[in-house]
Amino acid sequence: QMASQVASPSASLHTTSSSTSLSTPALSPSSPTRLSPDDLELLAKLEEQNRLLETDSKSLRSVNGSRRNSGSSLVSSSSASSNLSHLEEDSWILWGRIVNEWEDVHKKKEKQIKELVRKGIPHHFRAIVWQLLCTAQSMPIKDQYSELLKMTSPCEKLIRRDIARTYPEHDFFKEKDSLGQEVLFNVMKAYSLVDREVGYCQGSAFIVGLLLMQMPEEEAFCVFVKLMQDYRLRELFKPSMAELGLCMYQFEYMIQEQLPELYVHFQSQSFHTSMYASSWFLTIFLTTFPLPIATRIFDIFMSEGLEIVFRAGLAVLQMNQAELMQLDMEGMLQHFQKVIPHQFDNGPDKLIQASYQVKYNAKKMKKYVLHFEKILLRTENRLLKQRIETLEKCSSRYSEDFVLQLEKELVQARLSEAESHCALKEMQDKVLEMEKRNSSLPDENNVARLQEELIAVKLREAEALMGLKELRQQVKDLEEHWQRHLARTAGRWKDPSRKNTVNELQDELLTIRLREAESQADLKEMKQRMMEMETQNHINSNHLRRAEQEVTSLQGKVQYLSAQNKGLLAQLSEAKRKQAETECKNKEEVMAVRLREADSIAAVAELQQHIAELEIQKEEGKIQGQLNNSDSNQYIRELKDQIADLNDEVSDGKKAVVLLIYIFCFSIL
């Protein structure tokens with residue numbers, strides 16, 4: 001089923017080889033298989049189409065139909081010829097067998113597949129093998145591609161601007177509004193809609209362009225999405241480019257460890273790693289080496305990831321260490337731009353062999369990741385502390401007097417004071433959390449714009465430096481020519497009789513040219529200074545605009561704090577009102593308690609007076625003897641009962657008074 005997705009000769013080869021070789025389990029090219037007449041006829045057709053491809057790319061579309069339904073490669077291979085060699089036949093049969101039995105082979109023979117990929121994938125198999133390596137052959141997002149093309153992306157202008165700069169010399173992309181440029185725009189636009197955080201970044205178009213040379217746009221879109229998700233490319237192309245900084249950090253440590261002399265030379269010349277190696281990681285060498293070499297490296301990248309970029313980059317530096325040690329910064333830039341791209345025109349095998357002789361320690365690379373994350377955390381903490389200090393200063397400047405006044409008023413009501421402090425603390429915590437989130441979330445538009453400005457400034461600076469250097473070289477050549485001319489004509493100047501008009505005119509012409517070259521050099525230098533001043537002015541304007549935005553944000557926060565404080569004041573006044581009402585009620589209750597207490601005291605006094613009268617009557621009755629013994633005893637018992645009842649009433653009254661006193665004290669507290 002997977003092989004059927006690649007229309008063109010490669011698909012036919014897959015299906016044919018599966019019918020003839022599935023029963024043969026061996027996967028080694030050392031065990032050749034005799035080809036049937038049908039297979040030989042198929043190979044002849046493949047070579048005929050490959051020849052048409054090399055002579056005219058339009059002929060392939062006339063044979064296979066439209067470009068959208070064709071999966072054959074647009075990158076011609078130098079190894080194609082009219083008669084396949086025995087080794088090439090075995091290689092084609094082997095790869096056809098691997099593709100048709102991919103699930104089993106990939107699990108059991110993973111190391112062997114890696115070795116085969118390092119030796120190179122046949123270009124007719126490249127599209128299907130790339131999809132199998134990154135598991136992009138059955139992605140649900142492929143069904144959404146046509147709907148994404150109907151939508152509008154905010155990155156369309158940027159993509160249109162950079163389309164013409166992508167493979168400008170390649171036949172498939174060089175013509176304006178050609179099929180190649182159109183499908184490249186479609187894939188980049190679709191991805192910018194799928195991943196709005198990344199959107200579009202310069203450099204990614206070269207990777208998509210290479211994919212489109214191998215497969216239709218829907219499949220290229222799926223493979224690109226998979227690369228961004230699983231091959232660290234998404235982190236590389238994020239607006240912050242933190243992953244690119246990590247790669248530069250790791251690569252610099254590898255240079256320091258394995259090429260210490262070259263590392264010291266780079267440091268002495270202030271030749272930073274990002275000046276020459278950032279494009280290696282962002283485009284996987286597609287903008288550095290010719291397509292045949294870069295495609296071989298990309299084969300390995302699909303199989304092993306970014307490790308090949310580290311290996312190949314260090315191998316390039318090892319091969320050029322002696323030349324780089326003799327050059328200054330400008331010379332090294334020229335060497336990276338003009339010499340290194342053509343060092344491997346004879347083939348990439350030398351570079352790939354040297355790459356796998358480089359020492360690559362995965363554990364150390366992970367350790368470098370931890371070191372880099374610690375550096376980032378320290379930097380973020382320092383910036384966060386500075387931000388908090390700035391906010392605290394601004395907050396204290398705006399609300400210090402008001403807070404003092406508020407504290408004086410809150411002393412009178414402890415409950416309101418506690419509530420106010422809790423609310424203020426929660427509000428401060430929320431402000432800190434918001435600031436942390438804002439610091440961790442960069443402004444996508446500002447970052448993208450600054451990246452574009454930085455790239456444009458670097459390009460202008462490089463062009464200006466190149467032009468200035470050429471002009472200086474021209475002045476130097478003219479001076480040397482002038483000195484040689486003076487030395488050659490020195491004898492004639494001694495003899496005035498041999499002096500003639502032609503020599504004078506030549507001298508005057510050389511002098512004028514020399515002055516003209518010097519003037520052009522001065523003009524270039526003035527333009528360069530003016531460009532630097534304009535760039536600095538633009539940067540300062542951006543800083544000023546961001547500062548104004550921060551001031552506006554702080555003013556909004558101050559207004560929010562003022563509104564919160566007003567709310568707290570309202571709560572304070574309400575608490576005071578409720579407290580006054582409570583105090584009034586307490587006073588009324590105290591007065592009522594006191595009145596009841598006075599009534600109880602009067603009642604107790606009356607009862608005591610009544611008891612005293614009864615005692616007196618008792619004594620009088622005994623003395624006078626008016627009652628007989630039985631009557632006297634009965635009377636005495638009645639008096640005692642009355643006295644006991646009165647005593648109980650007195651004790652109950654005392655208890656009631658004590659209870660009222662407790663209630664009064666409790667209400668006051």
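Treat the numbers as computed from the prediction; the structure is a model and nothing was measured.
Heavy-atom minimum distance, A322 versus Q326: O-CG, 3.4 Å. Closest non-hydrogen pair, L184 versus V208, comes out as CD1-CG1, 3.5 Å. In terms of heavy atoms, R165 sits closest to P168 at O-CD, 3.6 Å. When all heavy atoms of M248 and A277 are compared, the pair lying nearest together is CE-O, 3.7 Å. Residues I163 and F185 share a closest heavy-atom pair of CD1-N, 3.9 Å. Residues I141 and C222 come closest through the heavy atom pair CG2-SG, 4.3 Å.
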(message) side chain to side chain contact (heavy atoms under 4.5 Å, CB included), that's the test. Do T135 and Q137 meet it? Break it down for me.
(response) CA-CA 6 Å; T135 64; Q137 64 273 24; 4.3 Å; yes
(request) With side chain to side chain contact (heavy atoms under 4.5 Å, CB included) as the test, would you mind laying out the steps for T288 and S279 before giving the verdict? (result) CA-CA 8 Å; T288 303; S279 63; 4.2 Å; yes
(request) Test M319 against K350 for side chain to side chain contact (heavy atoms under 4.5 Å, CB included), laying out the working first. (result) CA-CA 10 Å; M319 294 178 181; K350 181 180 178 182; 4.3 Å; yes
(message) Evaluate Y368 against F372 for ring-ring contact (aromatic ring centres under 6.0 Å, His included), listing each step before the verdict.
(response) CA-CA 6 Å; Y368 295 155; F372 185 76; over 10 Å; no
(request) Take R234 and E243 through the salt bridge (charged side-chain N to carboxylate O under 4.0 Å, His left out) test and state the conclusion after the steps. (result) CA-CA 9 Å; R234 185 176 185 275; E243 192 71 9; over 6 Å; no
(message) Apply side chain to side chain donor-acceptor pair (under 3.5 Å) to residues Y145 and N186 and explain how you reach the verdict.
(response) CA-CA 9 Å; Y145 182 77; N186 290 342; 4.7 Å; no
(message) Checking H265 against Q321 for the side chain to side chain contact (heavy atoms under 4.5 Å, CB included) test, could you report, in this order, the C-alpha distance in whole Å, the side-chain angles of both residues, the deciding distance, and whether it holds?
(response) CA-CA 10 Å; H265 179 65; Q321 181 176 4; over 6 Å; no
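A search for ring pair (Phe, Tyr, Trp, His ring centres under 6.0 Å) contacts involving F289 returns F285, F344, not counting sequence neighbours. Taking the side-chain contact (heavy atoms from CB on, under 4.5 Å) definition, one finds that N320 meets it with V316, E323, L324, H335, I340, Q343, sequence neighbours left out. With sequence neighbours excluded, the residues that form a side-chain contact (heavy atoms from CB on, under 4.5 Å) with V369 are L246, Q250, E373. When the ring pair (Phe, Tyr, Trp, His ring centres under 6.0 Å) test is applied to F266, the partners found at least two apart in sequence or on another chain are F271, Y276. Judged as a side-chain contact (heavy atoms from CB on, under 4.5 Å), and not counting sequence neighbours, the contacts of S153 are C155, E156, K189, S192, L193.
When atom types are taken as modelled, the side chain of S303 and the backbone of I300 share no donor-acceptor pair closer than 3.5 angstrom. Counting only distance, with no hydrogens or angles, the side chain of Y167 and the backbone of F206 share a donor-acceptor pair below 3.5 Å. Remark: the backbone N or O of G331 is paired with a side-chain donor or acceptor of D328 at under 3.5 angstrom. Side chain of R296 to main chain of P348: no donor-acceptor pair is present (N/O by atom type, distance under 3.5 Å, no hydrogens or angles). With hydrogens and angles disregarded, no donor-acceptor distance shorter than 3.5 Å links the side chain of T283 to the backbone of W280. With hydrogens and angles ignored, the 3.5 Å screen pairs a side-chain donor or acceptor of Q181 with a backbone N or O of F173.
Partner of E115 under the salt bridge (charged side-chain N to carboxylate O under 4.0 Å, His left out) criterion, out of K111, R118, K119: R118 alone.
At least one side-chain heavy atom of F336 sits less than 4.5 Å from a side-chain heavy atom of L317. Residues M241 and E235 fail the side-chain proximity criterion, which asks for heavy atoms closer than 4.5 Å. Side-chain atoms of K142 and F221, non-hydrogen and from C-beta on, never get closer than 4.5 Å to each other. In this structure, W102 and L133 have side chains that are in contact, with non-hydrogen atoms separated by less than 4.5 Å. Between F301 and L233 there is a side-chain heavy-atom pair separated by less than 4.5 Å. Looking only at side-chain heavy atoms (C-beta outward), I121 and T295 stay at 4.5 Å or farther from each other. Using a 4.5 Å heavy-atom cutoff, the side chains of Q267 and E252 are in contact. With contacts defined as side-chain heavy-atom distances shorter than 4.5 Å, the pair N361/M365 does not qualify.
The structure places CG of D162 at 4.5 Å from CD of Q202, a figure rounded to the nearest 0.5 Å. With values rounded to the nearest 0.5 angstrom, M332 atom CE is found 10.5 Å from E330 atom CD. Here CD1 of I98 is found 13.0 Å from CD1 of I128. Values are rounded to the nearest 0.5 Å. The distance from the CG atom of D171 to the CE atom of M213 is 10.0 Å, given to the nearest 0.5 Å. Rounded to the nearest 0.5 Å, atoms CZ (F281) and OG1 (T273) are 9.5 Å apart. Between I297 atom CD1 and I352 atom CD1 the span is 6.5 Å, to the nearest 0.5 Å.
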Please tabulate, for side-chain N and O atoms in residues 307-314, each donor-acceptor pair with protein atoms closer than 3.5 Å (sequence neighbours left out).
from : atom 1 : to   : atom 2 : distance (Å)
E307 : OE2    : R311 : NE     : 2.9
E307 : OE2    : R311 : NH2    : 3.1
R311 : NH1    : S355 : O      : 3.4
R311 : NH1    : V358 : O      : 2.8

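S274 and S278 share no donor-acceptor pair across their side chains, judged by distance under 3.5 Å alone. For the residue pair E219 and Q131, a side-chain donor N or O sits within less than 3.5 Å of a side-chain acceptor on the partner.
Heavy atoms of other residues, nucleotides or ligands lying less than 6.0 angstrom from OH of Y231 number more than 12.
When ring centroids are compared, W92 and H124 come within the 6.0 Å threshold. Side-chain rings of F224 and Y191 approach one another, their centers coming within less than 6.0 Å.
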